[in-house]
Number of protein chains: 2
Amino acid sequence: MENSAGIIENNKTQMRRGVLEYCILLILAGGDGYASSIIKKLKEVNIIVAEGTIYPLLIRLKKLELLTYRWEESTQGPPRKYYMITDLGREQLAGLDAAWDELAKGIEIIRKGSKA
Amino acid sequence: MENSAGIIENNKTQMRRGVLEYCILLILAGGDGYASSIIKKLKEVNIIVAEGTIYPLLIRLKKLELLTYRWEESTQGPPRKYYMITDLGREQLAGLDAAWDELAKGIEIIRKGSKA
DNA sequence: TATTGGTACCTTGTATTGCAAGGTATTCAA
DNA sequence: TTGAATACCTTGCAATACAAGGTACCAATA
């Protein structure tokens, strides 16, 4: 699928890219969560992510020691892997905050310029 | 390079991803330009892009008929390929505007929530 | 007439990574 | 014991940013 009609959908996917790690760290900075709960939170703000995206991502962030996890029993099914942000994770998150702000600002400037 | 020290740099790259097509359309909506002039404009707002990124991208957008180009002589060197946005390009740009707004809004919400 | 520097174009190969699709395991209720 | 819901995870594909390397044009200078 590579006709111009599909560009928007494709680009939404691309825009999510790179922002996802940031979003996960943001969400976990506000409280522990497991894969499904994170997906749900993202969906609530219209950022749609697939399971196959989240799991490898959480594993990667854990390897980088930005996250850790603990197992917790659930009354609703199998045990859940609750992820928690680490101190290092919070440190990196601050950097990502700045990176996002810079990007958003840059785009804002271009946007204003393009209307002139 | 995949230690936690490199995460920020890596993520800045990832954040650019998907936003780049949007930026190029935005810039060209404000006036025609050629590869180097686009790179320069992006650099002015701290969005750093390599040549090897821009050229394939312009070619792709041209194939999708969001852009066209004309050759124009330069007094400063070889002729330049000036890209122009098409009507279809403007149409798609409107969609990308909306996609960006939605993403930015989503992140803003998560951000506020994570500080609570 | 070289040669050098600046500008501009483009391609190839690699690494990253989102996602669709497919798979396993646990709990509970019918 | 069967089915639905919930949770976990992996494999393979496709998209794409970038580093590195290459070609070509123009003007000034040696």
Side-chain angles (χ1 to χ4, degrees), chain A residues 1-3 6-24 32-43 47-64 67 69-83 99 103, chain B residues 1-3 6-24 32-43 47-64 67 69-83 99 103:
Chain A
M1 192 250 284
E2 188 53 84
N3 55 10
I7 283 185
I8 302 292
E9 259 326 298
N10 186 46
N11 249 91
K12 279 173 123 173
T13 296
Q14 293 306 319
M15 281 187 182
R16 270 197 293 277
R17 232 187 155 106
V19 168
L20 271 188
E21 295 192 1
Y22 177 43
C23 288
I24 289 179
D32 303 347
Y34 58 103
S36 304
S37 76
I38 293 171
I39 291 174
K40 202 171 142 199
K41 271 201 178 147
L42 287 171
K43 193 182 270 175
I47 299 175
I48 311 299
V49 191
E51 274 200 335
T53 302
I54 282 284
Y55 283 104
L57 224 164
L58 288 171
I59 291 165
R60 195 160 68 240
L61 292 175
K62 200 261 173 183
K63 260 188 207 137
L64 290 168
L67 302 179
Y69 66 79
R70 65 171 190 278
W71 284 100
E72 200 166 294
E73 307 250 335
S74 160
T75 56
Q76 297 286 342
R80 293 166 178 170
K81 210 171 184 176
Y82 273 87
Y83 281 90
L103 182 64
Chain B
M1 196 248 282
E2 189 51 88
N3 54 12
I7 284 184
I8 302 292
E9 257 330 294
N10 187 45
N11 249 92
K12 280 174 122 172
T13 296
Q14 294 305 319
M15 280 186 184
R16 270 196 294 278
R17 231 188 156 106
V19 168
L20 270 188
E21 294 192 3
Y22 177 42
C23 288
I24 289 179
D32 303 347
Y34 57 103
S36 304
S37 76
I38 294 171
I39 291 175
K40 201 171 144 200
K41 271 202 178 144
L42 287 170
K43 193 182 268 176
I47 299 176
I48 310 299
V49 191
E51 273 200 337
T53 303
I54 283 284
Y55 282 104
L57 224 163
L58 288 171
I59 291 166
R60 195 160 68 241
L61 292 176
K62 200 262 173 180
K63 260 189 205 136
L64 289 169
L67 302 180
Y69 66 78
R70 65 172 189 278
W71 284 100
E72 200 165 297
E73 308 250 335
S74 162
T75 54
Q76 296 287 339
R80 294 163 177 173
K81 212 172 184 177
Y82 274 87
Y83 282 89
L103 181 64

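Residue numbering restarts at 1 for every chain, and letters A, B, ... go by the order of the sequence lines.
- For the pair B/I54/B/I24, a side-chain contact is recorded, criterion being any heavy-atom separation below 4.5 Å from C-beta on.
- Distance, B/I38 CD1 to C/dC10 C1': 15 Å, rounded to whole Å.
- A donor N or O paired with an acceptor N or O is found under 3.5 Å between the base of C/dC10 and the side-chain atoms of B/E51.
- If you check C/dT26, D/dC8, D/dT16 against the side chain of A/P78, the one that comes closest is C/dT26.
- Using a 4.0 Å cut-off, no side-chain N or O of A/R17 falls inside it from OP1 or OP2 of C/dT16.
- Atom NZ of B/K40 and atom C1' of C/dC9 are 18 Å apart (whole Å).
- Residue A/Y83 contributes atom OH, which lies 8 Å from atom P of D/dC8 at whole-angstrom precision.
- If you take CD1 of B/I54 and C1' of D/dA19, they are 15 Å apart, rounded to a whole angstrom.
- For the ring-ring contact (aromatic ring centres under 6.0 Å, His included) with A/Y34, the lone residue among A/Y82, A/Y69, A/W71 that qualifies is A/Y82.
- Backbone-only engagement by A/R80 is indicated by non-hydrogen atom pairs under 4.0 Å involving sugar-phosphate atoms exclusively.
- Among the nucleotides D/dC8, C/dT11, D/dA17, the one closest to the side chain of B/P56 is C/dT11.
- Looking at heavy atoms from C-beta onward, A/V49 lies out of side-chain contact with A/I38 at the 4.5 angstrom threshold.
- Across the protein-nucleic acid pair, A/Y55 atom OH and D/dT11 atom C1' stand 16 Å apart, rounded to whole Å.
- Two residues are said to be in side-chain contact when any heavy atoms from C-beta on lie closer than 4.5 Å; B/L42 and B/L20 meet this criterion.
- The side-chain heavy atoms of A/R70 and A/D32, taken from C-beta on, include a pair separated by under 4.5 Å.
- Between B/K43 atom NZ and D/dC18 atom P the separation is 12 Å, expressed in whole Å.
- Distance, B/E73 CD to D/dA27 C1': 15 Å, rounded to whole Å.
- With distances taken from any side-chain atom of A/W71 to the nucleotides D/dC8, D/dC18, C/dA8, the minimum falls on D/dC8.
- Proximity note for A/N10 (side chain, C-beta onward) versus D/dT6, C/dT17, D/dT16: the nearest is D/dT16.
- With DNA chain D read from its 5' end, the first of the two nearest nucleotides for B/T13 and B/G77 is the one closest to B/T13.
- Rounding to the nearest 0.5 angstrom, the gap separating the CD1 atom in A/I47 from the CZ atom in A/R16 is 8.5 Å.
- A sub-4.0 Å separation between OP1 or OP2 of C/dC9 and a side-chain N or O of B/Y34 is absent.
- Residue B/K81 places at least one side-chain N or O under 4.0 Å from the OP1 or OP2 atom of C/dC10.
- For a distance-only test at 3.5 Å, the side chain of B/Q76 fails to qualify as a donor-acceptor partner of the base of D/dC26.
- Picking from D/dC9, C/dT7, C/dC9 the nucleotide with the shortest atom distance to the side chain of B/S36 gives C/dC9.
- In the set C/dT16, C/dC9, C/dT26, the nucleotide with an atom closest to the side chain of A/P79 is C/dT26.
- When distances are taken from the side chain of B/A50 to each of C/dG18, D/dC18, C/dC10, the shortest belongs to D/dC18.
- Of the residues near DNA chain D, B/T53 and B/S74, the one whose nearest nucleotide (by heavy atom distance) lies more toward the 5' end is B/T53.
- Distance from the side chain of B/L57 is smallest for D/dA17 among the nucleotides D/dC8, D/dA17, C/dT17.
- In this structure, of C/dG18, D/dC8, C/dC19, it is C/dC19 that holds the atom nearest to the side chain of A/V49.
- Atom C1' of nucleotide D/dA15 and atom CD of A/Q14 are separated by 6 Å, given to the nearest angstrom.
- Residue A/R16 places its side chain closer to C/dC19 than to any other of D/dC18, C/dT26, C/dC19.
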